[in-house]
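Please read the structure below before turning to the comments.
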Amino acid sequence: MPHMMDDFPLRMSTLYDQAVRLYPRSEIVSVESDGSVFRTDYGTVDGRIRRLAAALESELGVPYGGAVGTFAWNNLRHHELYWATANSGRICHTLNIRLFPEQLTYIVNHGEDQVIFVDPDLVDLIAQVADTFDTVRAFVVMGDSAQGFDLPNAIAYEDLISRVDPMSEWPDVGEGDPLMYCYTSGTTGNSKGVAYTHRSTYLHTISNLANLPISASDNVLPVVPMFHASAWGFTFMATVRGAKITLPGPDLSPQGLVNLFESESVTISAGVPTVWIGVQEYLAKHPEADVSSIRSFVCGGSAVPRAMIDWYHQNRDITVIHAWGMTETNPVATLSLLKPEMQSWAWEDQLDVLETQGTPVPGLEIKIVDEAGNSLPHDGEAFGELLIRGPWVAAEYYNDPRTAASFQDGWLRTGDVCKITPEGYVKITDRAKDVIKSGGEWISSLDLENELMAHPDVVEATVVGVNHEKWQERPVAFVVARQGREVTESQLIEHLRPRVAKWWLPDRVIFIDEIPKTGTGKFDKKVVRERYMNVLTSD
Ligand code: ADP
């Protein structure tokens with residue numbers, strides 16, 4: 001006999017059913033693609049989710065374990081798809097709407113998606129490649145009508161779910177069965193997929209809820225797309241707590257977001273740094289905008305500028321919670337929160353902690369290793385590649401022979417280079433592939449970016465290593481200046497001079513209108529590097 005009910009499966013429907021039972025009146029607000037705002041609650045949505053699950057089975061013929069593609073914004077129907085697939089044992093394959101067409105073809109075919117659900121305003125994007133999908137039998141347009149859309153076998157979402165009776169009982173889903181395929185954005189070669197399981201997502205949800213300030217009284221607005229790494233788990237977490245959920249739809253402009261924060265009294269939101277940099281700009285120009293309901297912005301996906309954490313604290317009393325994670329870690333793995341003894345520290349000392357990527361959430365283990373794989377001390381000085389393991393860390397890439405290089409002795413090699421402080425906080429210094437090596441010595445592009453973005457006239461900055469005849473590589477900074485402000489190359493070099501080692505100073509500061517971004521809103525250093533590779537040698 002087992003000591004405990006260890007065979008009780010960790011399946012998402014257990015968490016879901018309880019949330020709906022306890023919080024049927026909790027609200028969901030969804031901004032639709034046409035800009036209209038739709039309001040409903042968990043109890044009403046439960047009926048729709050059960051009908052959607054039934055329709056997947058009987059109308060669309062997707063069997064248990066079959067993959068359902070989604071090509072959609074953060075909205076109610078996408079939320080319904082997350083839960084209908086999970087609860088019924090189907091797999092939600094979220095397709096990143098910003099992928100190049102050939103990548104889209106690759107991942108749809110690789111995931112063997114059987115149907116694709118698509119937002120009406122995104123139909124044109126997917127229609128271009130619809131005939132390259134080998135396994136897709138039908139398209140469901142996420143609205144009232146499929147008329148006039150140029151897609152083979154198109155059905156309207158509302159028609160589909162109105163034809164069936166709700167699925168009354170969820171199947172006995174196995175905890176090791178997948179509920180979602182998430183693919184990385186594939187900056188080199190084809191994207192790699194990760195199959196999140198019920199067990200991994202259940203534990204990810206519970207562990208993160210132990211750390212993040214989300215209760216049933218909160219209102220959670222995920223800006224991070226549901227088509228990327230399960231919106232960092234925020235819609236799952238919010239549902240499980242019974243919180244109000246606000247889904248912003250396609251308008252992710254600073255003004256659009258701030259309006260929603262105000263009108264819906266949002267309390268916590270999550271997104272990449274470029275989102276919060278934009279919102280900061282907007283709020284600085286609109287002191288009358290009332291975002292006093294917001295307590296926290298969770299921010300990650302790339303390094304969070306210290307100056308931004310400081311600005312929100314000083315000006316809006318908003319705590320920016322720095323998070324680190326990867327598609328491969330389900331995805332949230334570390335969060336930067338102050339320990340009790342740090343609460344009384346001076347703000348600058350607290351900022352030193354808050355700007356790190358934080359400590360692992362309960363249940364995950366980390367270490368740093370040198371190139372030979374030897375563990376390095378957590379002394380805040382030694383740096384090496386970050387390795388991670390735990391119940392919601394991928395053990396392989398889905399059906400992909402490229403697995404071996406990333407997994408070693410039960411650990412995931414993250415490809416991120418970092419230090420770990422004696423207090424246990426991870427401080428990422430670079431992605432291994434972005435490290436700048438000048439004359440064999442190593443320069444942290446993230447540190448330089450952070451210092452540049454602390455300059456009041458700088459909105460965004462990225463630093464890459466480019467060819468150099470003598471030093472092989474030298475750093476060059478690319479800067480977006482604040483609108484209406486004059487700032488020069490020499491001013492920025494003088495700003496950096498007291499802050500970094502002399503030989504770290506960029507050889508050039510180049511002003512650009514916009515930094516190229518990846519499909520997930522990160523600085524696309526590869527593009528910048530390719531474009532400016534010879535900017536120093538051809539001078
Ligand atoms: P993609 O590669 O598709 O953009 P991921 O979200 O999986 O998607 O990217 C994970 C990588 O993003 C990490 O390995 C790390 O390099 C970077 N990253 C994520 N969060 C942070 C952070 N808080 N600080 C610095 N880098 C981060």
Side-chain angles (χ1 to χ4, degrees), residues 65 67 69 91-113 129 132-136 176-197 199-201 204 225 227-230 232 301-302 324-333 364-373 384-418 428 430-435 518-527 529-530:
I91 300 166
C92 186
H93 182 187
T94 51
L95 307 170
N96 187 332
I97 63 166
R98 303 203 178 96
L99 286 181
F100 293 118
E102 56 277 18
Q103 286 289 318
L104 200 53
T105 299
Y106 172 82
I107 72 169
V108 168
N109 290 338
H110 190 264
E112 297 181 44
D113 298 354
V129 280
T132 64
F133 301 153
D134 297 336
T135 49
V136 175
D177 289 347
L179 59 77
M180 194 171 268
Y181 293 148
C182 292
Y183 283 69
T184 62
S185 38
T187 42
T188 47
N190 281 326
S191 305
K192 288 182 267 188
V194 178
Y196 293 176
T197 62
R199 177 185 158 84
S200 74
T201 306
H204 175 270
F227 58 73
H228 178 62
S230 75
W232 300 346
S302 50
W324 171 87
M326 307 170 72
T327 302
E328 293 85 335
T329 60
N330 217 138
V332 181
L364 296 183
E365 284 178 27
I366 55 169
K367 65 175 178 177
I368 42 175
V369 297
D370 64 16
E371 279 171 19
E385 185 175 359
L386 179 65
L387 269 53
I388 188 162
R389 67 179 180 188
W392 58 96
V393 177
E396 60 165 20
Y397 288 109
Y398 173 64
N399 199 8
D400 197 316
R402 289 171 291 179
T403 289
S406 300
F407 303 92
Q408 211 172 47
D409 305 328
W411 294 83
L412 167 74
R413 298 184 55 178
T414 65
D416 286 328
V417 178
C418 75
I428 307 238
D430 252 314
R431 254 185 161 175
K433 58 177 189 267
D434 294 331
V435 163
T518 67
T520 49
K522 303 177 190 194
F523 296 154
D524 197 337
K525 295 195 179 195
K526 194 165 143 261
V527 169
R529 211 180 286 126
E530 272 165 12

Taking side chain as C-beta onward, heavy atoms only, is Phe523 less than 4.5 Å from Asp434?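 No, their side chains stay 4.5 Å or more apart.
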
Contact between Phe133 and Asn109 at the side-chain level, heavy atoms closer than 4.5 Å - yes or no?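 The answer is yes; the side chains approach within 4.5 Å.
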
Check whether any side-chain N or O of [X] sits under 3.5 Å from a backbone N or O of [Y] as a donor-acceptor pair, and report yes or no.
X      : Y      : answer
Tyr196 : Ala394 : no
Thr135 : Asp113 : yes
Glu385 : Gly415 : yes
Asn330 : Thr197 : no

Looking at every non-hydrogen atom in both residues, tell me the closest pair between [X] and [Y] and how far apart they are.
X      : Y      : value
Pro331 : Ser230 : CD-OG, 4.2 Å
Ala405 : Arg413 : O-CD, 3.6 Å
Gly384 : Ile368 : O-CG2, 3.8 Å
Ile91  : Gly65  : CD1-O, 3.3 Å
Arg98  : Gly519 : NH1-O, 3.5 Å
Val417 : Ala432 : CG2-CA, 3.9 Å

Candidate pair Ser406 and Tyr397, rule side-chain contact (heavy atoms from CB on, under 4.5 Å), full reasoning: CA-CA 9 Å; Ser406 300; Tyr397 288 109; 3.6 Å; yes

Going from [atom1] on [X] to [atom2] on [Y], what distance comes out if it is rounded to the nearest 0.5 angstrom?
X      : Y      : atom1 : atom2 : value
Asp416 : Leu386 : CG    : CG    : 6.5 Å
Leu364 : Arg389 : CG    : CZ    : 11.0 Å
Ser191 : Asn96  : OG    : CG    : 8.0 Å
Asn190 : Asp400 : CG    : CG    : 8.5 Å
Thr520 : Phe227 : OG1   : CZ    : 9.0 Å
Leu387 : Leu412 : CG    : CG    : 7.5 Å

So with a 6.0 Å cut-off around CD of Glu371, is the heavy-atom count from everything else above 12? no

Apply side-chain contact (heavy atoms from CB on, under 4.5 Å) to residues Glu328 and Ile388 and explain how you reach the verdict. CA-CA 10 Å; Glu328 293 85 335; Ile388 188 162; over 6 Å; no

Could you walk me through whether Tyr181 and Asn399 satisfy the side-chain contact (heavy atoms from CB on, under 4.5 Å) test, starting with their C-alpha distance in whole Å, then the side-chain angles of each, then the deciding distance to 0.1 Å, before giving a yes or no? CA-CA 11 Å; Tyr181 293 148; Asn399 199 8; over 6 Å; no

For Tyr183, which of His228, Gln103, His93, His110 qualifies under side-chain hydrogen bond (donor to acceptor under 3.5 Å, both in side chains)? His110

Met326/Thr184 under side-chain contact (heavy atoms from CB on, under 4.5 Å): CA gap, chis, key distance, verdict: CA-CA 9 Å; Met326 307 170 72; Thr184 62; over 6 Å; no

